[in-house]
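Comments concern the structure below.
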Amino acid sequence: MAILSYYFRKSKSSTKFVRIYQHCSLFYFSSGVLGDSLTVLRSPQYVTFRDGQWPISGEKIPDLVALTMGFSIHEDLDWPGLAAGWLFQRPRANALIVVRGLDSLDFPKNISCYPLENPVPFTLDSVANTVHTLFADSTPVVLQLAPSEERLYMMGMANTVFEDLPVTLQQIRGRLSQDGSVLTSLPLVSLSRNNEADLLFLSEVQVLYDISALLQKHKHLAKDPAPDLYSLELAGLEEIVRRYGTDSPQFTDATRILTSALQKFADDVANVYANNAVVEVVTVKTFEAPLTRKSRSILESKQISNPGSPYNLAYKYDYDYAVVFNIVLWLMIVLALSVIVISYNLWNMDPGYDSIIYRMTNQKIRMD
């Protein structure tokens, strides 16, 4: 029996919205190979995504999310799709949904879509850590859902906001049997509530609806100064493909239901955060295992620059090294210029006219 796992973590995040007018169902052909895609469903006006078909690597998605939220990254993102954002305004939330099992979804034409290459597994842990570090005194919300893991983690506001969210498949089945579930509100057509694969897919759709309902109920989250981060990974459609295939009516109905659910989720998130949230969708047919390559220099030197490392590794620089260096450098320059100016003025000062001490002494002498 498959189990859905949810990660709830206290964190802050800011987001950016995208506006590009392309059809998201356009396919990316590279040497005749169909590629995966990155789609931006919602974005504020002060976040600009350029119109184009620039491919982005899957391992760069966390950096892209961090930049849209106004955070700095360790390495520059060499991707022309994202323009420089407004310095004094950042999104209040970012929601990233990863859909496994297909290349793209048929979204409206006013949705921006970019090709995704090298679709390796990734997480937004680095973004969540940045939010925790920058907004440690606030109460941000981080929600992470991954079907491949079977553990529950809630912290901060997530304990109160998402305490009623079902966790296991058994709990979701109980939720599906209640009034207002997707089994009664959505046209299932060829999907069956008695099949494990169909039930897994419908349970993930139910989770999207439940998260939207909880966000509508707790609109005070948008008033918190800390940004919020939502990361969801849905694998139910992958099970549909594995059981029925991509040419089956079940797959057609599932993609139609999921597309509508994602659009509703994006609308609800944008409504709660007053159009100050970014909602992205990554569609991946299958994740590729990250490739690693070990290399050895033919000009290997016996002299070790770092005595503490037996592999002749360089010293590790702190992330704030460049910032501290610039502060010290320019402070020294300002102090040196100040000493030169003050010394020059003191050297050319006339004690009889410029100094109040000598002026008072001269007056006293004259009076005597």
Side-chain angles (χ1 to χ4, degrees), residues 4 17-28 34-43 49 61 94-116 119 145 147 172 176 180-193 195 197-213 215-216 230-272 277-286:
L4 293 179
F17 278 72
V18 181
R19 181 175 295 177
I20 301 176
Y21 300 94
Q22 295 177 346
H23 198 282
C24 181
S25 61
L26 290 178
F27 298 114
Y28 169 63
L34 186 65
D36 304 318
S37 62
L38 165 68
T39 305
V40 182
L41 295 181
R42 296 292 182 274
S43 63
F49 281 74
I61 295 297
N94 191 304
L96 176 66
I97 303 98
V98 178
V99 179
R100 290 159 45 183
L102 79 169
D103 298 306
S104 62
L105 290 171
D106 191 9
F107 290 111
K109 294 183 179 180
N110 61 342
I111 299 299
S112 59
C113 187
Y114 297 97
L116 182 69
L145 161 67
I172 299 176
L176 291 175
S181 66
V182 296
L183 294 181
T184 58
S185 60
L186 296 179
L188 304 182
V189 191
S190 61
L191 297 177
S192 173
R193 66 182 67 186
N195 188 279
D198 299 0
L199 189 59
L200 175 61
F201 169 77
L202 293 174
S203 64
E204 292 183 344
V205 176
Q206 183 65 57
V207 168
L208 288 176
Y209 277 82
D210 289 343
I211 293 175
S212 298
L215 289 178
Q216 294 289 341
Y230 304 90
S231 177
L232 311 175
E233 184 177 337
L234 310 180
L237 193 60
E238 189 177 31
E239 295 296 328
I240 295 290
V241 174
R242 191 174 303 168
R243 181 174 180 83
Y244 302 107
T246 56
D247 297 331
S248 62
Q250 289 85 355
F251 176 77
T252 303
D253 295 334
T255 54
R256 173 181 50 82
I257 293 175
L258 182 59
T259 302
S260 177
L262 290 175
Q263 287 179 320
K264 181 183 182 302
F265 178 79
D267 293 338
D268 293 340
V269 172
N271 183 28
V272 170
V278 179
V279 182
E280 308 103 335
V281 175
V282 175
T283 53
V284 178
K285 194 168 185 179
T286 55

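Thr255 is listed as a side-chain neighbour of Leu237, based on a closest heavy-atom distance under 4.5 Å. The side-chain heavy atoms of Leu176 and Leu199, taken from C-beta on, include a pair separated by under 4.5 Å. Considering only heavy atoms from C-beta on, Ile61 comes within 4.5 Å of Leu116 through its side chain. The shortest side-chain heavy-atom distance between Pro187 and Arg256 falls under the 4.5 Å cut-off. Between Leu102 and Phe251 the shortest side-chain heavy-atom distance falls below 4.5 Å. Residues Ser181 and Thr184 form a side-chain contact, since some pair of their non-hydrogen atoms from C-beta on lies under 4.5 Å apart.
Legend: residues meeting salt bridge (charged side-chain N to carboxylate O under 4.0 Å, His left out) with Arg242, ordered by chain and number and at least two apart, are Glu238, Glu239. Scored by the side chain to side chain donor-acceptor pair (under 3.5 Å) test, Ser260 finds no partners at all (sequence neighbours excluded). For Asp210, the side chain to side chain donor-acceptor pair (under 3.5 Å) partners are Arg175, Gln206, not counting sequence neighbours. Shown here are the salt bridge (charged side-chain N to carboxylate O under 4.0 Å, His left out) partners of Asp268, two or more places apart in sequence or in another chain: Lys264. Contacts of Asn271 classified as side chain to side chain donor-acceptor pair (under 3.5 Å), with partners at least two apart in sequence or in another chain: none.
In this structure a side-chain-to-backbone donor-acceptor pair under 3.5 Å is present from Asp198 to Ser192. In this structure, Asp253 contributes its side chain and Ser190 its backbone to a donor-acceptor pair below 3.5 Å.
The distance from atom CG of Leu200 to atom CG of Leu234, rounded to the nearest 0.5 Å, is 9.5 Å. Between Gln263 atom CD and Leu208 atom CG the span is 12.5 Å, to the nearest 0.5 Å. Rounded to the nearest 0.5 angstrom, Phe265 CZ and Ile97 CD1 are separated by 5.0 Å. Taking CG from Leu38 and SG from Cys113, the interatomic distance works out to 7.5 Å, rounded to the nearest 0.5 Å. Taking OG1 of Thr286 as the reference point, atom CG of Asp36 lies at 7.0 Å (rounded to 0.5 Å). Of the inter-residue distances, the one linking Ile240 atom CD1 with Thr246 atom OG1 reads 12.5 Å to the nearest 0.5 angstrom.
For the side chain to side chain contact (heavy atoms under 4.5 Å, CB included) criterion with Gln250, the lone passing option out of Leu188, Val241, Leu191 is Leu191. Shown are Leu105, Ile257, Asp267, Leu232; of these, the side chain to side chain contact (heavy atoms under 4.5 Å, CB included) with Leu262 is made only by Leu105.
Sequence neighbours left out, not one pair with a member in residues 182-193 passes salt bridge (charged side-chain N to carboxylate O under 4.0 Å, His left out).
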- Pair Arg42-Ile111, side-chain contact (heavy atoms from CB on, under 4.5 Å): steps then yes or no: CA-CA 8 Å; Arg42 296 292 182 274; Ile111 299 299; 4.0 Å; yes
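Across all non-hydrogen atoms, the minimal contact from Arg243 to Ala197 is CD-CB, 3.8 Å. Heavy-atom minimum distance, Gly236 versus Glu204: N-OE1, 2.8 Å. Residue Ala261 comes nearest to Tyr209 through the heavy atom pair CB-CE1, 3.8 Å, listed as atom of the first residue, atom of the second, then distance. Shortest non-hydrogen contact noted between Leu202 and Val182 is O-CG2, 3.8 Å.
Looking only at atom types and distance, the side chain of Thr283 has a donor-acceptor partner in the side chain of Ser37 under 3.5 Å away.
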